[in-house]
There are 2 protein chains.
Amino acid sequence: MDDEAVFKALADRTRRHLLDLLFERDGRTLSELESEVEMTRFGVMKHLKVLEEAGLVATRRSGREKLHFLSPVPIQLIHDRWIDKYTEHRISALADLKTKLEKSE
Amino acid sequence: MDDEAVFKALADRTRRHLLDLLFERDGRTLSELESEVEMTRFGVMKHLKVLEEAGLVATRRSGREKLHFLSPVPIQLIHDRWIDKYTEHRISALADLKTKLEKSE
DNA sequence: TTGACATGTGACCATTTGGTCACGTACGGT
DNA sequence: ACCGTACGTGACCAAATGGTCACATGTCAA
């Protein structure tokens, strides 16, 4: 697996925020994403490039705009790497519990 | 979520290899893990500390040894963040296909 | 209690990374 | 044709990261 690019891409807080934005609504342009982040256009562009090269974001040009889409396949592969099929249900229960505890703080 | 530490921890190739080793067999000592990696003891120790602080590895002391265990809960949480429950089956099929294609190369 | 083994700490250095900027290219509307 | 808009490139710098080493602590066993 070409995992290096994927994990490096996920290691930055801004890039994860961009993924969150695209998870919420797909097909946004660079300018639109830029307005959601405290950073110049150049920074955002660099981050999107990293995400695209990692296969976490797919793009499509439309005139002078570039549309960005979330591509979750690599995330699924991460999961499959360290979660044993047989213990998956047990872990899921733990993860749900952890989420609930944190929300109720 | 305290995701920063988790993603930073996963961003390094050596640390992912250590997780693979622990996924394969739990409860190993530092010295044992050191022998599996091309690096001095100090480097491995630093990496294990990062993994432990991220909650990806749990430890237990036993005499002068320190035993390391894989803790996959944070991995599950990553998955849950960007994989929509309703599209999960479709993505899984894609991920399986990708794995098969890469294996047959 | 002495010695060997297993783990721990802080300083140090080379490389990578995140962010900005000056400048450049491409498309659309009027 | 022209101007405004949207995206792209390369250089540059400060900060974070990965790795090693000298040195230190704790534990077992003879």
Side-chain angles (χ1 to χ4, degrees), chain A residues 2-22 25-71 74 78, chain B residues 2-22 25-71 74 78:
Chain A
D2 173 22
D3 54 2
E4 186 73 9
V6 175
F7 286 105
K8 280 270 160 52
L10 291 173
D12 182 80
R13 184 181 290 280
T14 303
R15 286 197 287 268
R16 291 195 301 276
H17 184 218
L18 289 171
L19 289 182
D20 287 337
L21 290 171
L22 292 177
R25 181 163 52 78
D26 255 338
R28 309 206 204 193
T29 71
L30 167 60
S31 322
E32 194 177 347
L33 291 167
E34 174 200 349
S35 67
E36 301 264 8
V37 173
E38 285 297 308
M39 193 181 297
T40 65
R41 177 173 60 89
F42 308 99
V44 179
M45 199 162 36
K46 264 197 179 179
H47 285 307
L48 286 172
K49 188 184 177 198
V50 172
L51 288 169
E52 187 174 357
E53 286 176 351
L56 285 161
V57 162
T59 62
R60 204 183 72 223
R61 294 221 55 139
S62 165
R64 58 182 160 183
E65 293 183 333
K66 188 173 182 183
L67 308 180
H68 298 78
F69 301 86
L70 179 63
S71 171
I78 293 175
Chain B
D2 174 22
D3 53 3
E4 187 73 10
V6 175
F7 287 103
K8 281 272 160 53
L10 291 173
D12 183 82
R13 186 180 288 282
T14 302
R15 286 196 289 268
R16 291 195 300 278
H17 185 218
L18 289 171
L19 288 183
D20 288 337
L21 290 171
L22 292 178
R25 182 163 50 79
D26 254 337
R28 308 207 204 192
T29 71
L30 166 61
S31 322
E32 194 176 349
L33 291 167
E34 176 199 349
S35 68
E36 302 264 7
V37 173
E38 284 297 308
M39 192 181 298
T40 64
R41 177 173 61 87
F42 307 99
V44 179
M45 199 162 36
K46 265 197 178 181
H47 286 308
L48 287 172
K49 189 185 178 198
V50 172
L51 289 169
E52 186 173 359
E53 286 176 349
L56 285 161
V57 162
T59 61
R60 204 182 73 224
R61 294 222 52 139
S62 167
R64 58 182 161 181
E65 294 183 335
K66 188 175 182 181
L67 308 180
H68 299 78
F69 301 86
L70 179 61
S71 169
I78 293 176

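What you see below is based on every heavy atom in this structure, not just the backbone, and it leaves out hydrogens, waters and symmetry mates.
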Whole angstrom is fine here: how far is it from [atom1] in [X] over to [atom2] in [N]?
{"X": "Glu34(B)", "N": "dG19(D)", "atom1": "CD", "atom2": "P", "value": "14 Å"}
{"X": "Leu10(A)", "N": "dT17(C)", "atom1": "CG", "atom2": "P", "value": "14 Å"}
{"X": "Asp12(A)", "N": "dT17(D)", "atom1": "CG", "atom2": "P", "value": "11 Å"}
{"X": "Met39(B)", "N": "dT7(C)", "atom1": "CE", "atom2": "P", "value": "16 Å"}
{"X": "Leu18(A)", "N": "dG18(C)", "atom1": "CG", "atom2": "C1'", "value": "13 Å"}
{"X": "Leu48(A)", "N": "dG19(C)", "atom1": "CG", "atom2": "C1'", "value": "14 Å"}
{"X": "Arg60(B)", "N": "dA6(C)", "atom1": "CZ", "atom2": "C1'", "value": "16 Å"}
{"X": "Leu51(B)", "N": "dG18(D)", "atom1": "CG", "atom2": "P", "value": "11 Å"}

It should be established whether [X] places a side-chain nitrogen or oxygen under 4.0 Å from OP1 or OP2 of nucleotide [N].
{"X": "His47(B)", "N": "dG19(D)", "answer": "yes"}
{"X": "Thr40(B)", "N": "dT20(D)", "answer": "yes"}
{"X": "Thr29(A)", "N": "dA6(D)", "answer": "no"}

Under 4.0 Å between a Lys/Arg side-chain N and an Asp/Glu carboxylate O for Glu4(A) and Arg16(B)? yes

Using a cut-off of 4.0 Å on non-hydrogen atoms, how would the nucleic acid contact of Gly63(A) be classed: base, sugar-phosphate, or nothing? sugar-phosphate

Separation between CG (Leu10(B)) and CG (Asp3(B)), nearest 0.5 Å, reads 11.0 Å

Output for pair (Leu70(B) CG, Asp20(B) CG), nearest 0.5 Å, gives 9.0 Å

Between Glu38(A) and Ser62(A), the residue closer to the 5' end of DNA chain C by nearest nucleotide is Glu38(A)

Assert: residue with more 5' nearest nucleotide on DNA chain C, out of Val44(A) and Lys8(A), is Lys8(A)

In short, Leu30(B) meets His68(B) closest at the heavy-atom pair N-CE1, 3.8 Å

Looking only at heavy atoms, the pair that brings Ser71(A) and Ala58(A) closest together is CB-N, 4.5 Å

Taken in chain and number order and not counting sequence neighbours, the residues that satisfy side-chain hydrogen bond (donor to acceptor under 3.5 Å, both in side chains) with Arg61(B) are none

| Going by atom types only, do Thr59(A) and Glu52(A) share a side-chain donor-acceptor pair under 3.5 Å? | yes

Exactly one candidate in Val44(A), Val50(A), Val57(A) meets side chain to side chain contact (heavy atoms under 4.5 Å, CB included) with Arg15(A); the answer is Val50(A)

Overall bend of the helix from dT1(C)-dA30(D) to dT30(C)-dA1(D) (five pairs an end, 10° steps) is 30°

Check step by step if side chain to side chain contact (heavy atoms under 4.5 Å, CB included) holds for Lys49(A) and Met45(A).
CA-CA 6 Å; Lys49(A) 188 184 177 198; Met45(A) 199 162 36; over 6 Å; no

Per atom distances to the Arg64(A) side chain, the nearest of dT17(D), dG19(D), dT5(D) is dT5(D)

Regarding the side chain of Arg15(B), the nearest nucleotide among dC7(D), dG18(D), dG28(C) is dG18(D)

At a cut-off of 3.5 Å, list every protein nitrogen or oxygen paired with a nitrogen or oxygen from nucleotides 8-15 of chain C, distance to 0.1 Å.
residue	atom	partner	partner atom	Å
dG8(C)	OP1	Lys66(B)	NZ	3.2
dG8(C)	N7	Arg41(B)	NH1	3.1
dG8(C)	O6	Arg41(B)	NH2	3.1

Notebook entry, point to check: Would a distance-only check, ignoring hydrogens and angles, find a side-chain to backbone donor-acceptor pair under 3.5 Å from Ser62(A) to Glu65(A)?
Noted result: no

